[in-house]
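Notes to accompany the following structure.
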Amino acid sequence: METGNQTVSSGDGQTLAPLCTVQCCGLLNRTLAVMFMVSLAFAIVVGNVVTITVFMQTRHSQTPQGYLKVSLAIADMMVGVLVVPFSIYTEISLMVTSAPPLWYQGVSQASLKGVSHPWQPCMLIGPVFAGCTFVSISTIFLMTVERCVAILRPLHKDTLVTRRRTLFLILVSWAGSFLLAMAPLMLSNSFTLEYNECSRMCNYAPLLIGFQLPPDANILLLFPAFDFTLLGGTLAVNILSFTSIRRYSRKRKLLSEGGFGADTGAGGCPHRPSFSDIKAAKTIGILTFAFTASFSPIAVFVLGNVVGYIWCNFSFFAFWILTGNSCCNVIIYSVRDQRFRKGLTLLFQRDKSQPHSEKS
């Protein structure tokens with residue numbers, strides 16, 4: 001494997017097409033990529049800082065749902081603070097310098113000759129990106145379960161879903177997610193982390209043995225298996241919640257039409273969830289759909305990579321679609337959550353009133 005133009009040789013000695021061509025990694029392409037990355041990093045950081053600020057200044061932040069939303073925003077913000085800026089730095093370095101960094105593309109030619117290999121920054125950035133991705137999906141799963149309890153057991157919600165239990169589950173989610181992110185390095189010696197010129201990100205890369213994938217390359221399938229397992233569980237819980245919501249809605253409709261007698265209890269549905277619980281459940285359903293849509297391309301890429309396919313252009317779109325999901329939550333909250341919009345309005349009104357108070 002040559003580092004310069006990413007030429008890869010097959011096992012029978014034939015040379016495959018370069019992974020990164022002039023059209024893919026030329027000056028214009030890198031410039032557009034950097035502009036896109038800078039805009040995305042700004043949107044992720046600002047959006048999630050606003051989200052955290054709004055939730056922290058309202059009573060809503062002192063609830064289990066508020067803790068979960070703050071945890072999700074912190075995971076997304078870490079992507080905008082660490083992962084995307086590192087890609088920006090690397091791309092700018094490749095544009096302004098003729099020689100790539102010593103750590104670029106993993107094991108350098110110097111290390112192959114026996115020279116000590118420099119520390120690879122991707123050993124930090126790669127697990128952070130993977131860990132934050134796992135934190136996001138596990139947090140969405142916990143949010144879905146919390147809303148399901150609020151809908152199915154509204155009278156027992158405060159007893160079953162406490163702040164202490166929620167904080168404990170958040171800590172377990174973060175610890176488990178980052179342990180899983182390090183699993184390929186801890187369970188095998190056949191993987192490293194390197195900056196990939198196709199995806200423009202730090203990726204797990206198998207150490208080729210005679211230009212062949214290592215026998216334990218399928219360890220990387222742990223990532224999509226974990227995510228799709230939690231996404232499947234989230235979908236099942238959402239279906240259960242929405243089925244209950246539909247049943248309550250049907251009862252209310254029959255009640256308004258006089259379909260229930262006086263002996264059916266107050267409102268014909270004595271333990272019905274509140275309107276805010278129903279609205280929050282629908283919002284979390286949208287969050288689940290958005291994450292599933294953004295994660296599916298990278299799952300396809302990982303599966304193809306394990307099988308042996310090399311998709312350069314597709315890898316860029318797959319990784320950056322998933323990264324772009326980190327700025328989607330604030331948009332969904334702004335559209336769906338009335339209390340979030342109210343807190344957002346109060347936040348900007350406070351910022352405007354401070355200069356006036358200083359002048360007076």
Side-chain angles (χ1 to χ4, degrees), residues 37 40-52 55 67-90 120-144 166-167 169-186 191 193-196 199-204 220 222-231 234 284 287-288 290-299 301-302 315-316 318-333:
M37 293 175 188
L40 184 59
F42 178 81
I44 292 174
V45 173
V46 173
N48 286 286
V49 167
V50 170
T51 300
I52 295 173
F55 283 130
Y67 291 153
L68 291 170
K69 288 183 177 180
V70 170
S71 175
L72 181 61
I74 291 175
D76 289 337
M77 188 174 65
M78 287 179 61
V79 174
V81 171
L82 294 176
V83 179
V84 181
F86 179 75
S87 295
I88 295 173
Y89 164 77
T90 305
Q120 171 61 273
C122 283
M123 288 294 181
L124 171 64
I125 303 299
V128 166
F129 180 57
C132 289
T133 301
F134 299 145
V135 168
S136 296
I137 180 54
S138 58
T139 303
I140 292 175
F141 174 75
L142 292 175
M143 292 168 65
T144 305
T166 302
L167 290 174
L169 290 175
I170 289 174
L171 291 177
V172 171
S173 169
W174 279 81
S177 295
F178 278 89
L179 282 176
L180 179 61
M182 295 293 295
L185 301 179
M186 295 188 298
F191 292 91
L193 279 154
E194 65 180 20
Y195 186 85
N196 187 275
S199 65
R200 279 79 184 275
M201 274 195 174
C202 294
N203 299 155
Y204 290 90
L220 291 180
L222 284 173
F223 294 171
F226 173 81
D227 279 315
F228 278 121
T229 298
L230 277 188
L231 286 172
T234 303
I284 295 171
L287 290 176
T288 304
F291 188 90
T292 304
S294 62
F295 178 77
S296 296
I298 202 171
F301 170 76
V302 171
S315 69
F316 176 82
F319 277 92
W320 287 96
I321 287 174
L322 179 60
T323 306
N325 179 261
S326 297
C327 64
C328 290
N329 295 335
V330 63
I331 300 174
I332 295 174
Y333 294 148

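Across every non-hydrogen atom of T229 and A225, the tightest pair is OG1-O, 2.6 Å. Closest non-hydrogen pair, L179 versus M186, comes out as O-CE, 3.4 Å. Between V135 and S71, the closest heavy-atom pair is CG1-OG, 4.4 Å. Residue F301 comes nearest to A318 through the heavy atom pair CB-CB, 4.4 Å, listed as atom of the first residue, atom of the second, then distance. Taking both residues in full, the closest heavy atoms of C132 and V79 are given as CB-CG2, 3.9 Å, listed atom of the first, atom of the second, then distance. Considering all non-hydrogen atoms of both residues, Y195 and S87 come closest at OH-O, 3.7 Å.
In summary, of the residues considered (L185, I125, N203), a side chain to side chain contact (heavy atoms under 4.5 Å, CB included) with L193 occurs for L185 alone.
Within the 4.5 Å cutoff, the side chain of V330 has no heavy atoms near those of the N48 side chain. Contact of the F295 side chain with the N325 side chain is not registered, since no non-hydrogen atoms from C-beta on lie closer than 4.5 Å. In this structure the side chain of K69 never reaches within 4.5 angstrom of the side chain of T51, judged on heavy atoms. The shortest side-chain heavy-atom distance between L220 and F191 falls under the 4.5 Å cut-off. At a threshold of 4.5 Å between non-hydrogen side-chain atoms, the residues S173 and F134 do not count as touching. Using a 4.5 Å cut-off on side-chain heavy atoms (C-beta onward), C327 and L40 make contact. Between T139 and I170 there is no side-chain heavy-atom pair separated by less than 4.5 Å. The shortest side-chain heavy-atom distance between W320 and T323 falls under the 4.5 Å cut-off.
For the residue pair S138/W174, the side-chain donor-acceptor check at 3.5 Å is not satisfied.
Between the S294 side chain and the F291 main chain, a donor and an acceptor come within less than 3.5 Å of each other. Between the side chain of N329 and the backbone N or O of A73 there is no donor-acceptor pair closer than 3.5 Å.
Of the inter-residue distances, the one linking I52 atom CD1 with I74 atom CD1 reads 5.0 Å to the nearest 0.5 angstrom. In this structure, the separation between CG on L287 and CD1 on I332 is 4.5 Å, given to the nearest 0.5 Å. Once rounded to the nearest 0.5 Å, the distance linking CD1 of I298 with CE of M201 reads 8.0 Å. Here the straight-line distance linking atom CE of M182 with atom CE of M123 works out to 8.0 Å at 0.5 Å rounding. Note: D227 CG to S136 OG = 9.5 Å, rounded to the nearest 0.5 Å. Separation of atoms CD1 (I140) and CG (L231) is listed at 7.5 Å; rounding is to 0.5 Å.
Residues Y67 and F55 keep their aromatic ring centres 6.0 Å or farther apart. Less than 6.0 angstrom separates the ring centroid of F223 from the ring centroid of Y204.
The aromatic rings of F129 and F319 sit tilted, their planes meeting at an angle between 30° and 60°. Using cut-offs of 30° and 60° for the angle between ring planes, the F86 and Y89 rings count as tilted.
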>> Between L72 and M143, does the side chain to side chain contact (heavy atoms under 4.5 Å, CB included) criterion hold? Intermediate values first, please.
In response: CA-CA 10 Å; L72 181 61; M143 292 168 65; 4.2 Å; yes
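Figure legend: cation-pi geometry between R200 and F316, with NZ or CZ positioned under 6.0 Å from the six-membered ring centre and within 45° of its axis.
Qualifying disulfide bond (SG atoms under 2.5 Å apart) partners for C122, counting only residues two or more places apart in sequence or in other chains: C202.
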